[in-house]
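Take a look at the structure set out below.
As the structure is a prediction and not an experimental result, all values here were calculated from the model. Numbers restart at 1 for each chain; the letters A, B, ... are given by sequence-line order, proteins then strands.
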2 protein chains.
Amino acid sequence: MSDASTARGHATIQDVADAAGVSRAAVSKVLRNAYGVSPTMRQRVNAAIESLDYRPRVAARAMRGSTYTIGIEIPDFGNSFFTRVLFGAQSALTGTGYQLMIAPADPGPQEGARALEALLDRQVDGVVAVSPIVDQSSLERIARRTPVVMFGRHDESDFYDTVAADDERGAGELMRHLLELGHTRITHLSIGELGGSVERRTPHGIRLEMYRKEMARAGLVTHERVVRAAEGEEAAYLATVEELDGRERPTAILAGHDAHAIGALRAIMERESDVSVAGFDDIPIASHPGISLTTSRQPGEEMGARAMDMLLERLKGRTEAAHEIFEPSLVVRGSTKPPPP
Amino acid sequence: MSDASTARGHATIQDVADAAGVSRAAVSKVLRNAYGVSPTMRQRVNAAIESLDYRPRVAARAMRGSTYTIGIEIPDFGNSFFTRVLFGAQSALTGTGYQLMIAPADPGPQEGARALEALLDRQVDGVVAVSPIVDQSSLERIARRTPVVMFGRHDESDFYDTVAADDERGAGELMRHLLELGHTRITHLSIGELGGSVERRTPHGIRLEMYRKEMARAGLVTHERVVRAAEGEEAAYLATVEELDGRERPTAILAGHDAHAIGALRAIMERESDVSVAGFDDIPIASHPGISLTTSRQPGEEMGARAMDMLLERLKGRTEAAHEIFEPSLVVRGSTKPPPP
DNA sequence: GTGAAAGCGCTAACAA
DNA sequence: TTGTTAGCGCTTTCAC
């Protein structure tokens, strides 16, 4: 038995086979719990694995089949909603033998797609992608080879699964809440570059649409006002500062999500301004007494877990596409109140 | 030319070679910008790559050499300090050709080590690990083969690099601030299971040590009180509730980090209690007017970027170990005030 | 400047 | 039940 493991610094399946006095195939079978291994052999092989500190290389396995790796693409770690989704996804994976690998998407429109590619280049067995901007056709091309679950996408493909919240309902509830409080000058703080457009079938696109629809229904078309900010609390803060210093100050701001709402609230509280704010998601800090943000709660953890479960189902053989919608719930807190007289 | 790409669903280097009418080796050279390729050939090969939508498989490359992948292990995405570190690390990587892959560590003592292993199994070219509980010897064994930068570790190995903050100074400053305000009943809310022990050379271990030292120096040994909570705001909240309802209520709480401090603040604000709170990190929400948390600021983004730079240096050939300490700075905000009379 | 061929570590089909 | 063997896609000498 040549101690190649010491020589090359990393034991291979051959080293284990030598040490146990069996063939490589036998070792491979033990590793995979494959059929047809005697208890004696299993024992000997396991002992050799232990003593050599052997770990199979994922790359070599990938050459033949699966990597036992699930990829997830996340657009913005600064937003704790995604963090919760991630947490849910991760929990659904414990005990399955799959390992989660996260590819971060830099800010920028194409970066989500890039991260997705990076995952695919590494031959993940399946992938959950959180709202990257990718056209349906290339997504379907990908999904034909690798199971894909899209998070926060409102289209219904035959090839990939989707998990999303009922944003129409969420935004409607929030708007009606603000209108019932008596607000008329409601600004919508939406995601996206200044002057850029929001894709229609995304959560933010739908929220924007509903904002417009509800303003119209309330006869407030002339008060309609949409301000855009890039992702992140900071950008929302700056946009809000500008808005508050503008000459037609709103009495309420409907933010595209809580991360933005928190930024808006920062500007408002700094100025001791009397402007209501509402968001989407119900991230953990939203319920903090110092923040107390009214929001449309999305069950992020559940949604992440469900997305991962759907992926596991695919991996087990499901072939028809599945699309799941989660219901949001309105959570009213101190950040929304009637407008000042 | 057989269109194997359609047949197998994924173009290989052979398909590209066929399409361009050259050898596999030629394609490989073009891919790697290797020496000895005529402009004409480069052109033809690139055209073929384009038209076949070819992407090299990382696994196959891994069999021969590097994966152009950097791994980072992160213990808790719920803590936005780590999120900032991640952001810094990621920025340092843009434009280098390396792709970042994140392995999440589940909660639990051994999980950081497990995530690290998962990364190693996938043959990352280098790894940044954020405070996993791993003994120095196995870390050194790993570092001998794969460059490793440890984040938040205060030991100095000859084999791996470290990046940490001067926690002794940070904790000292915070304690002196509280003492100068006149607090005597200061509880330390530390990380860790109830009754568990904090490792000495970790940030939390050092903070605990300094808490004790400063209490002793102020002649307050009898008031020393250490409460433990698991990671996360929730656990800190619960521990604080208990502490506030206890019969010797503290006038100030020194939390192990901001995530805990936020949880403590939640309990305090809910009860409209007059207890000061201080933390470590200066996560984004700490400066929010609704929170206004006194803290020892750690430059997380810079630290993450530096950690990644150190890794890149190793990848470029540096062989001596490097250890870097960042200086924290005390940020006093509204959450600390003199004790009630 | 270009191509042929060996081999990285593993799995799975087949033979024994 | 166990072992032999042919690749998976890529890089890298080494001939030409």
Side-chain angles (χ1 to χ4, degrees), chain A residues 2 4-5 7-46 48-49 52-69 97 120-123 125 145, chain B residues 2 4-5 7-46 48-49 52-69 97 120-123 125 145:
Chain A
S2 70
S5 99
R8 280 198 316 284
H10 189 119
T12 73
I13 201 171
Q14 180 69 66
D15 299 327
V16 177
D18 290 349
V22 299
S23 74
R24 290 196 327 254
V27 178
S28 177
K29 279 183 186 170
V30 171
L31 284 173
R32 293 170 295 124
N33 288 312
Y35 183 78
V37 209
S38 66
T40 336
M41 174 175 266
R42 183 178 302 278
Q43 186 106 35
R44 283 229 311 261
V45 169
N46 279 326
I49 288 175
L52 289 177
D53 219 1
Y54 167 75
R55 311 218 48 172
R57 294 208 195 182
V58 173
R61 289 183 150 181
M63 298 288 287
R64 302 287 304 175
S66 30
T67 55
Y68 305 101
T69 307
L120 264 8
D121 290 345
R122 284 158 185 78
Q123 282 164 272
D125 292 344
R145 298 190 52 69
Chain B
S2 70
S5 98
R8 280 197 316 284
H10 190 120
T12 73
I13 201 170
Q14 180 70 66
D15 299 327
V16 176
D18 290 349
V22 298
S23 73
R24 296 203 313 263
V27 178
S28 176
K29 280 183 184 170
V30 171
L31 284 173
R32 293 170 295 123
N33 289 312
Y35 183 78
V37 207
S38 66
T40 336
M41 171 176 268
R42 182 178 302 278
Q43 186 106 36
R44 283 226 313 259
V45 169
N46 279 327
I49 287 175
L52 289 177
D53 218 1
Y54 168 73
R55 310 216 50 168
R57 295 207 196 181
V58 174
R61 288 185 152 179
M63 297 289 286
R64 303 285 302 172
S66 32
T67 55
Y68 305 102
T69 307
L120 263 9
D121 289 345
R122 283 158 185 77
Q123 280 165 275
D125 293 344
R145 299 190 50 67

Rounded to the nearest angstrom, tell me the gap between atom [atom1] in [X] and atom [atom2] in [N].
{"X": "Lys29(B)", "N": "dT2(C)", "atom1": "NZ", "atom2": "P", "value": "8 Å"}
{"X": "Gln123(A)", "N": "dT11(C)", "atom1": "CD", "atom2": "P", "value": "14 Å"}
{"X": "Arg122(B)", "N": "dC8(C)", "atom1": "CZ", "atom2": "C1'", "value": "19 Å"}
{"X": "Gln14(B)", "N": "dG7(D)", "atom1": "CD", "atom2": "C1'", "value": "14 Å"}
{"X": "Arg55(A)", "N": "dC10(C)", "atom1": "CZ", "atom2": "C1'", "value": "16 Å"}
{"X": "Arg145(A)", "N": "dC8(D)", "atom1": "CZ", "atom2": "P", "value": "14 Å"}
{"X": "Met63(B)", "N": "dC8(D)", "atom1": "CE", "atom2": "P", "value": "12 Å"}
{"X": "Leu120(B)", "N": "dG9(C)", "atom1": "CG", "atom2": "C1'", "value": "17 Å"}

Picking from [options], which would you name as closest to the side chain of [X]?
{"X": "Arg64(A)", "options": "dG7(D), dG3(C), dT2(D)", "answer": "dG7(D)"}
{"X": "Ser23(B)", "options": "dT2(D), dG3(C), dG9(D)", "answer": "dG3(C)"}
{"X": "Arg61(A)", "options": "dT2(D), dC10(D), dT11(C)", "answer": "dT11(C)"}
{"X": "Arg24(A)", "options": "dT11(D), dG9(C), dA6(D)", "answer": "dA6(D)"}
{"X": "Ile13(A)", "options": "dC10(C), dT2(C), dG9(D)", "answer": "dC10(C)"}

*What closest approach, in Å, do Lys29(A) and Tyr35(A) show between heavy atoms, and which atom pair accounts for it?*
CD-O, 4.1 Å
_Closest heavy-atom pair and its distance - Tyr54(B), Thr12(B)_ = CE1-C, 3.5 Å
Does a side-chain N or O from [X] land closer than 4.0 Å to OP1 or OP2 of [N], or not?
{"X": "Tyr68(B)", "N": "dT11(D)", "value": "no"}
{"X": "Tyr35(A)", "N": "dT2(D)", "value": "no"}
{"X": "Ser28(B)", "N": "dT11(D)", "value": "yes"}
{"X": "Arg57(A)", "N": "dC10(C)", "value": "no"}
{"X": "Arg32(B)", "N": "dT12(D)", "value": "yes"}
{"X": "Ser38(B)", "N": "dT2(C)", "value": "yes"}

_Stepwise side-chain hydrogen bond (donor to acceptor under 3.5 Å, both in side chains) test for Arg61(A) and Ser66(A)_ = CA-CA 6 Å; Arg61(A) 289 183 150 181; Ser66(A) 30; over 6 Å; no
*Base, sugar-phosphate, or nothing: which does Ala25(A) touch, judged by heavy atoms less than 4.0 Å apart?*
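Since a base atom lies under 4.0 Å of Ala25(A), the category is base.
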_Donor-acceptor pair, side chain of Arg44(A) and main chain of Ala20(A), under 3.5 angstrom_ =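 Yes: the side chain of Arg44(A) pairs with the backbone of Ala20(A).
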*Do any N or O atoms from the side chain of Thr67(A) and from the backbone of Gln123(A) form a donor-acceptor pair under 3.5 angstrom?*
yes
